[in-house]
Amino acid sequence: MGNLSTFCKTGVIFCCAALLYACSPKVVQPPKAVQPPDVPPIPIVTKQFDITDKFYTNKADSLLNILKQQIPAMLYDSMGAIAVPSEWVGSVNFGIRKANFVILHYTAQDSVQQTLRTFTLLRTEVSAHYVIGKDGKIFHMVNDYMRSNHAGAGKWGSVTDMNSCSLGIEIDNNGTEPFTDAQVNSLLLLLTQLKKTYNIPTANFIGHQDYAPRRKSDPGPLFPWKNLADKGFGLWSDTVVIPAPPNFDYATALRIIGYDTSDLSAAIVAFKRHFVQQDSSPIMTQLDLNVLYNVYRKY
Ligand SMILES: [Zn+2]
């Protein structure tokens, strides 16, 4: 403590800060309490969901009962008779299924509190595994091994039930504003953990609009896809791209990447909002063709 302490006349040892107060001849009055400004307190959101947390626990318990069922496959013929004999014999080698995709969303709502409420109301029937607030706080709402209702109807490659094989991440954003640095930092940390834990392929980090181009527009052209791809989450075009050949079949290229091309215009818009991010028209310019040619060759 040598150079950080000394003696005053009483011989009592004080640290430097205390010394200034203790050895002063004046009696220092503590400052008066400052009245807080007239603003409502910030709600502690996690204390508002005790009832829905209990509902979650009960529902998880009921799903556990399904996992414990040991019922053999019952196969009937057209007359209703059992077609083949079957019997349950439990294996000793099994585990729990893991997600293989991550679907990224924006909430299209005005606050994270609004989204937490939306995802805890039965009537909405929607949810996500994670919600990321503008301050970077992450709310984990559905266990990673459970199926959450975030992707809905759509098609990516041959996957038509994305909810059953993906994790959904909703980012608090109204769809027209930039994502915050805190959100992106938290998202990158979360994706790092998820990719490692579940061994999710780099190409399988996609947006809701990629999966459902006819219905959805999130996470939109402001989403930092290049930043994510630089860290290994999703693919992105090279800085210098080879021009697409004159006879380039862009519809087939979109389908090879994964897009549902049954509505080609919707697929083009989704591709451009993800991989080009300059306009949302359903027209393939030479730039769009070049980027697509570069990206599809990575698949
Ligand atoms: Zn979405």
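Ligands are counted one by one from 1 in listed order, and the atoms in each one are counted from 1 as well.
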NZ (K59) and NZ (K54) are apart, to the nearest 0.5 Å, by 16.0 Å

H208: its N/O/S atom lying closest to the Zn ion (ligand 1) (atom name): ND1

Residue H105 atom name (nearest to the Zn ion (ligand 1); N/O/S): ND1

Closer than 2.8 Å to the Zn ion (ligand 1): does that hold for any N, O or S atom in H150? no

Hey, can you tell me if H150 and H129 have their rings parallel, tilted or perpendicular (30° and 60° cut-offs)? perpendicular

How is the N/O/S atom of D218 that comes nearest to the Zn ion (ligand 1) named? OD2

Modelled atom types, side-chain donor and acceptor of D144 and Y198, under 3.5 Å: yes

Just how far is it from atom CE of M141 to atom CG of L116, taken to the nearest 0.5 Å? 5.0 Å

